[in-house]
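Notes for the one structure printed next.
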2 protein chains.
Amino acid sequence: MLKNAEFTNKLRSSGLRPTKQRLKICEVLFNRDHTFHFTINDLAKNISRELNEKISLATVYNTVHAFKKKGYLKEISINSDKSYFDTNTTNHHHFFDEDTNELIDCDDKIIETPKIKKNILGKKINSVEVLVKVATDNQNQK
Amino acid sequence: MLKNAEFTNKLRSSGLRPTKQRLKICEVLFNRDHTFHFTINDLAKNISRELNEKISLATVYNTVHAFKKKGYLKEISINSDKSYFDTNTTNHHHFFDEDTNELIDCDDKIIETPKIKKNILGKKINSVEVLVKVATDNQNQK
DNA sequence: CAACAGTTTAGAATAATTATAATATATTAT
DNA sequence: ATAATATATTATAATTATTCTAAACTGTTG
Ligand SMILES: [Mn+2]
Ligand SMILES: [Mn+2]
Ligand SMILES: [Zn+2]
Ligand SMILES: [Zn+2]
């Protein structure tokens, strides 16, 4: 649970001006007990629900991308329709529920990060992520 | 290297009429020594390069999705801009070269498919895929 | 061949995202 | 504090990928 002043410092220290839009977005994204996944549209809706003045959609895009560049958010591609973002910036894996389109985090206790036995020559590994797609089993019991 | 007549049979046996557009797309996709990855746009360009009459973009979309539904293609989400498709329909993992936007297959010898220690209740696992993002190492020595 | 269902097509529609350029705000220098 | 500068926000237009539509066409079956 960070306060406004702490967000201000965090933003300043990463070279981002602490505007009221950015502070509001920080509050919505980071003033929480748990990390979560969202789309830009989810976020825009959340903000406008809580806020009297609106934040322009362009600003939401700009801010989310700025935060991603600074490492405060991760982008996750599961389906090509829209981008998901993640306030959990640690290395972790996901279940994707194809029934509900829900993304669920899972750590190394549930899925061990696989070892890469041989890398591409001259390249550095930036991330290793596992995606498990699940859906209701329509193949009822035999 | 399959021939036209074989594609005709394959299509018929899966309930798809062997139209000339579908046969041409089969040829471009499956008449090869190796599997590969492509975007709809790549495919449309390939076709129009080889062909005098054009195949409508809508037909390319329709056909790719029909082939995917029949299991002849897989769809892969790496970046949210566009969809990649894969003529390799086996379970396998990928390197994604962030410099070139190239997708590279890799099998269990290079990346072992991770074990899922605990699944979501009441759901069936449809796929487990590893994505390794790599890029040139700009972090030169020391 | 006739009839029908399935397919293709061009173009319009949609949806996510990015670009533009004018206005506003935050920071820095005076 | 004020002015100058750099950066951010905004409404709106543009772009891009993808899907929809409805008319024309083609493959299949009898
Ligand atoms: Mn799709
Ligand atoms: Mn993006
Ligand atoms: Zn996550
Ligand atoms: Zn592949």
If only atom types and distance count, is the side chain of B:Lys109 paired as donor or acceptor with the main-chain N or O of B:Cys106 below 3.5 Å?
-> no
Starting at NZ of A:Lys24 and ending at P of D:dT10, how long is that distance when rounded to a whole Å?
-> 14 Å
Given A:Asn126 and B:Glu98, is the side-chain contact (heavy atoms from CB on, under 4.5 Å) satisfied, shown in steps?
-> CA-CA 9 Å; A:Asn126 284 335; B:Glu98 295 181 314; 2.9 Å; yes
For A:Leu57 and D:dA13, give me the distance from atom CG to atom C1', rounded to whole Å.
-> 14 Å
Acceptor/donor pairs from residues 113-121 of chain A side chains to any protein atom, 3.5 angstrom cut, sequence neighbours excluded:
| residue | atom | partner | partner atom | Å |
| --- | --- | --- | --- | --- |
| A:Thr113 | OG1 | A:His93 | NE2 | 2.9 |
| A:Thr113 | OG1 | A:Asp108 | OD1 | 3.1 |
| A:Lys117 | NZ | B:Glu112 | OE1 | 3.1 |
| A:Asn119 | ND2 | A:Lys123 | O | 2.9 |

Whole angstrom value for the distance that separates P of D:dC20 from CG of A:Asp81 = 11 Å
Figure out the CD1/P separation between B:Ile55 and C:dG11, and round it to whole Å.
-> 17 Å
Between A:Thr89 and A:Tyr72, is there a donor-acceptor pair closer than 3.5 Å when you use the side chain of the first and the backbone of the second?
-> no
Whole angstrom value for the distance that separates C1' of D:dT28 from CZ of B:Arg22 | 13 Å
Would you confirm whether B:Ser56, through its side chain, and B:Ala58, through its main-chain N or O, come within 3.5 Å as a donor-acceptor pair?
-> yes
Any sub-3.5 Å donor-acceptor pair from A:Arg22's side-chain atoms to A:Arg17's backbone N or O?
-> yes
Would you say C:dT18 has OP1 or OP2 under 4.0 Å from some side-chain N or O of A:His65?
-> yes
So, B:Lys82 side chain and B:Thr39 main chain: donor-acceptor pair closer than 3.5 Å or not?
-> no
Can you tell me the distance, in whole Å, between the CD atom of A:Glu75 and the P atom of C:dA16?
-> 14 Å
Reading nucleotides 20-30 of chain C from 5' to 3' and marking B where a protein heavy atom lies under 4.0 Å of the base, S where only the sugar-phosphate is that close, and - otherwise, the string is ------BS---
Spacing of B:Leu29 atom CG and B:Leu73 atom CG [to the nearest 0.5 Å] = 5.5 Å
Any ion pair linking B:Lys74 and B:Glu129 (charged N to carboxylate O, less than 4.0 Å)?
-> yes
Counting just side-chain N and O atoms, does A:Tyr61 come under 4.0 Å of either OP1 or OP2 of C:dT18?
-> no
The bend of the helix from C:dC1-D:dG30 to C:dT30-D:dA1, taken between the axes of its five terminal pairs at each end and rounded to 10°, is 30°
Using a cut-off of strictly less than 4.0 Å, decide whether B:Gln21 has a side-chain nitrogen or oxygen near OP1 or OP2 of D:dT26.
-> no
Taken to the nearest whole Å, CG/A:Leu43 to C1'/C:dA16 is 15 Å
Would you mind reading off the distance between B:Asn41 atom CG and D:dT18 atom P, rounded to a whole angstrom?
-> 8 Å
If you find the nucleotide of DNA chain C closest to B:Ser56 and the one closest to A:Lys82, which residue's nucleotide is nearer the 5' end?
-> B:Ser56
